[in-house]
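Side chains are part of it too, since the values below use all heavy atoms of this structure and drop only hydrogens, waters and symmetry mates. Here the structure is a predicted model, which means the values were calculated and not measured. Order of the sequence lines fixes the chain letters, A, B, ..., with proteins taken first and strands second; residue numbering starts at 1 for each chain.
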4 protein chains.
Amino acid sequence: MLAPVGRWGEREAGILEVAAALFDRRGYQNVTMADVAAEAGLSEGTLYNYFRDRHDLVLRVSLDAFEEHAVKAEHIAAEAQSLHEGVARMIALQMSILLDAKEIYRIWMREVRGAEDYGKLPARAMLRRYSTPMIHLLKKWLAPRDIPPGIDFGMMRDLIFGGVENFVQTAVLQERDKALDVDKTSWDIAGAYLRAFGGKLEARTKTLASPRAKTAQRKRARSG
Amino acid sequence: MLAPVGRWGEREAGILEVAAALFDRRGYQNVTMADVAAEAGLSEGTLYNYFRDRHDLVLRVSLDAFEEHAVKAEHIAAEAQSLHEGVARMIALQMSILLDAKEIYRIWMREVRGAEDYGKLPARAMLRRYSTPMIHLLKKWLAPRDIPPGIDFGMMRDLIFGGVENFVQTAVLQERDKALDVDKTSWDIAGAYLRAFGGKLEARTKTLASPRAKTAQRKRARSG
Amino acid sequence: MLAPVGRWGEREAGILEVAAALFDRRGYQNVTMADVAAEAGLSEGTLYNYFRDRHDLVLRVSLDAFEEHAVKAEHIAAEAQSLHEGVARMIALQMSILLDAKEIYRIWMREVRGAEDYGKLPARAMLRRYSTPMIHLLKKWLAPRDIPPGIDFGMMRDLIFGGVENFVQTAVLQERDKALDVDKTSWDIAGAYLRAFGGKLEARTKTLASPRAKTAQRKRARSG
Amino acid sequence: MLAPVGRWGEREAGILEVAAALFDRRGYQNVTMADVAAEAGLSEGTLYNYFRDRHDLVLRVSLDAFEEHAVKAEHIAAEAQSLHEGVARMIALQMSILLDAKEIYRIWMREVRGAEDYGKLPARAMLRRYSTPMIHLLKKWLAPRDIPPGIDFGMMRDLIFGGVENFVQTAVLQERDKALDVDKTSWDIAGAYLRAFGGKLEARTKTLASPRAKTAQRKRARSG
DNA sequence: GATGAATGAGCTTTCATTCAT
DNA sequence: TATGAATGAAAGCTCATTCAT
């Protein structure tokens, strides 16, 4: 779902952006509606013209952010020249998300994935858009007879994304995140997973475009 | 509401148990002190005879639960007859924790690991007790020359635990958790990781004791 | 309970007035935020739109009340035609404050004067504005050679204000306060202090304007 | 009312002493029953075998302390060789009370004098015992024809005690209290009051016994 | 649509007091 | 008498949400 155009749509997008930044800076549980309103230069009441309630705002922030990620994941899957490259770039994407906007990711995991009733449908759809490209990638390049017994594609995806998440979390906790070479590490980890799942490894030749840099650019462009 | 939970020292254990169950059912952020008190059959004020404040209670719940897990992890590492068996049992332990008490795990990861000041020392020690046995296991059985480049032991541990966590989460979300064959899946996933990290695989012969069943037993015993 | 007290800026003044009255009636330590809210016809939360916290409210009540007193004290010092008249009017002012709003005075002495950190600056400034006019008065009219040894101006001020406070307190306790002739008593007490400090006494000729009456008028006007 | 003798009485006296010390150190509003119990080496429940409730304890602490002061005041009035000496010693007593145990004094003024129903009778009696010696002194030495018009003995007492209280309070606030020469200042202030009330001044010849030192001695003796 | 004061339920925490042992 | 765990009524404060303007 794209943001509506025109003034109304712009303002909504502005609120979402401001809220995302605030959430990321302070943790979304510690951001009040008043904070968001103030940061957006609006009054509190106005927020409720755009979002049903706090939950809705949180949800939309996360959906919005994940939309971008989903698009990127789809590109990676579509353009991969090899399994190793594709998985590595997917891992690099995941890493950069966690490093740049881990709070949004947290919201996603806690509020959106776990939500029982509200917004479940668009959230599920978005989750699928983000996580299925990895499955497509694996399905395309892995020979069925090489896949170890008991392992399926969904499991692979879960193991990869979860493993990377945990690895980055530890790195952040140990304050090794600034020194992390995302591209190289992604390639190495991808290699490990290919071994695990019966894929063919490659030597790392060309540099992966860093989604991290792209993200930074986008942010600069928007706030201008 | 349960009947009041015993007297004296037992009462503290009872509160912890009741709180753990509540946290797990509703998410610890959504459980109030009044909820815990009511569920334990006590008045609100009484809680504060046992725990300095809410934070203390949350911490203690998590520490308490993890103590048991740590002990089990240490046993597994000490008694493993092969790498495949050890890793599989470790994964099975992790799975059962996540299936039985995923919220406690969440508390651990978010409140305890991330805490800056309070209880950092005992918490860190406990974390190490839980997560290092896996590293010991891997160090003991993996031949250094078989380990793929760019992969170290800490990374292996993070990838394994994180991957399993995510896999279980997805299973729970898709309501496949009841049908999950923890032992078999653990063995298969362990196999994948051994391939990934250069370990020697084995055929699965004997049944792993399910820590899940043991936990259930303990709980029944305590609340009597 | 009073009817809701006006709108906007008036509301703050209304809360302050209502709080001052409550404090005076029951002792400010025994007045809760809920009490103030109820008496002002507001909900509890609303109070916190006007005052950061309880301490802030208490402080503001006292500062507000003392501002008026300070202005009066300055006028008295500026317009005094003789030392006897000036001191007498200052004593009469002090008496009327204590009779009308002794709790506010108590807050001032205990919370504001004694406070270590918060609002120290404006509070100190206000205290000076209230208590220095008396010193100016004495300095202007007392011949240095007439002042008894060991007595300085600060001491004089403290002895006068403290003595009057205690005298009024006793009168209130013995329920003689209604019958108290503020003007005459002030004149007599002033005379005693002039003797004590080496000042020239005068016969009491004209009536002192009673600040007590003025205060009552202001209150009636405001609450309308 | 003297404390009962025997074990029961001793324990009660011990609690009172401990409570008085705590009150003075931290302000009596900030001392809980639990604090007093802990400091006295008793359990909380036991306190209630000796004191009906918190109010009763506070009251008794103050009564107890004032009993000593009253005895001293009576001695001073009985043994005074001149008005100047008597008043000066009375002022010195008041100063030392305020410097050594201002919290007890505060309790007295706030809780006891102001109390409407409870313990009014013994409190009133004690207040009288403390404050009438000053009146006796003045009545004995002041010639009625020298007393200025409009001034009576009760007023004198109030002006003296209140003035001294305020003076000491200011000194404490300005942290001049350590440097305060109690005997000299008392003499000078007494001189001022004698001028005010028509008494005969004297040169200060002999040193006044410092009640402050005596108090310290007593405390040391008791806690041994 | 925009405002922002008002709301009030809800939270954590304290502490004097009670009472079974 | 002594104990001390249990109590529960407050208290101060927060904040998502509403609504008259």
Side-chain angles (χ1 to χ4, degrees), chain A residues 7-8 11-12 29-38 40-58, chain B residues 4 6-9 11-12 15 29-38 40-58, chain C residues 4 6-9 11-12 15 29-38 40-58, chain D residues 7-8 11-12 29-38 40-58:
Chain A
R7 288 220 58 76
W8 195 79
R11 176 155 285 185
E12 186 178 274
Q29 306 254 23
N30 306 317
V31 174
T32 69
M33 294 300 272
D35 290 335
V36 175
L42 300 171
S43 72
E44 291 172 61
T46 305
L47 286 188
Y48 290 83
N49 288 332
Y50 295 92
F51 306 95
R52 196 196 321 270
D53 53 23
R54 187 182 204 278
H55 189 210
D56 187 37
L57 170 62
V58 167
Chain B
R7 296 248 150 199
W8 298 96
R11 182 145 285 185
E12 185 175 292
I15 295 172
Q29 306 254 26
N30 306 315
V31 174
T32 69
M33 295 301 273
D35 291 335
V36 176
L42 300 170
S43 74
E44 274 180 72
T46 304
L47 289 189
Y48 290 85
N49 289 335
Y50 294 93
F51 307 95
R52 197 192 324 278
D53 52 23
R54 188 181 200 283
H55 188 206
D56 188 37
L57 171 63
V58 168
Chain C
R7 297 247 148 201
W8 298 96
R11 182 145 288 185
E12 185 175 293
I15 296 172
Q29 305 254 25
N30 306 316
V31 174
T32 70
M33 294 302 272
D35 291 335
V36 175
L42 301 170
S43 74
E44 273 181 76
T46 304
L47 288 189
Y48 291 86
N49 289 335
Y50 294 92
F51 306 95
R52 197 193 323 279
D53 52 23
R54 188 181 201 283
H55 188 205
D56 188 37
L57 171 62
V58 168
Chain D
R7 285 219 60 76
W8 196 78
R11 176 155 283 187
E12 186 177 274
Q29 304 254 26
N30 305 317
V31 174
T32 68
M33 294 300 271
D35 290 335
V36 175
L42 300 171
S43 72
E44 293 172 60
T46 305
L47 285 189
Y48 290 83
N49 288 331
Y50 295 93
F51 306 95
R52 195 196 322 270
D53 53 23
R54 186 180 204 281
H55 190 209
D56 187 37
L57 170 63
V58 167

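- Distance from the side chain of A:Tyr48 is smallest for F:dT17 among the nucleotides F:dT17, F:dC13, F:dA2.
- A:Gln29 approaches B:Gln29 most closely through the heavy-atom pair NE2-NE2, 3.1 Å.
- Closest approach to the D:Tyr50 side chain among E:dT17, F:dT1, F:dA5 is made by F:dT1 (side chain taken as heavy atoms from C-beta onward).
- At the heavy-atom level, D:Thr32 lies under 4.0 Å from the strands shown only through sugar-phosphate atoms.
- Atom CZ of A:Phe51 and atom P of E:dA2 are 12 Å apart (whole Å).
- Side-chain contact check for B:Thr46 versus B:Ile15: every heavy-atom pair is 4.5 Å or farther apart.
- Atoms CD (A:Glu44) and P (E:dA2) sit 15 Å apart, rounded to a whole Å.
- The CG atom of C:Asp35 sits 10.5 Å away from atom CG of C:Leu47, with the distance rounded to the nearest 0.5 Å.
- The CD-C1' distance, from D:Glu12 to F:dT1, rounds to 14 Å in whole Å.
- Atom C1' of nucleotide E:dC11 and atom CD of A:Gln29 are separated by 15 Å, given to the nearest angstrom.
- Atom-to-atom, CG of B:Leu47 to P of F:dT7 comes out at 10 Å; the value is rounded to the nearest Å.
- Where the helix from E:dA2-F:dT21 to E:dT21-F:dA2 starts and where it ends, the local axes point in directions that differ by 20°; five pairs per end, rounded to 10°.
- In this structure, CZ on C:Arg11 lies 5.5 Å from OH on C:Tyr50, to the nearest 0.5 angstrom.
- From C:Leu42, atom CG reaches atom CD of C:Glu44 across 11.0 Å, with rounding to the nearest 0.5 Å.
- Looking at the side chain of C:Asn49, the nearest of the listed nucleotides F:dA16, E:dA6, E:dA2 is E:dA6.
- One can place CG of D:Leu57 at 14 Å from C1' of E:dT17, the figure rounded to the nearest angstrom.
- In this entry the distance linking CG of B:Asp56 with C1' of E:dT13 reads 13 Å, nearest Å.
- Between E:dT17, F:dT17, F:dT7, one nucleotide has an atom nearer to the side chain of A:Arg54 than all others, and that is F:dT17.
- Rounded to whole angstrom, the span from the CZ atom of C:Arg52 across to the C1' atom of F:dT14 amounts to 15 Å.
- Sequence order on DNA chain F of the closest nucleotides to A:Thr46 and C:Met33 puts C:Met33 first from the 5' end.
- Both A:Leu42 and B:Asp35 sit near DNA chain E, but only A:Leu42 has its closest nucleotide nearer the 5' end.
- In this structure, A:Leu57 CG and A:Glu12 CD are separated by 9.5 Å, a value rounded to the nearest 0.5 Å.
- Between D:Arg11 and F:dT1 there is no side-chain N or O to OP1 or OP2 distance below 4.0 Å.
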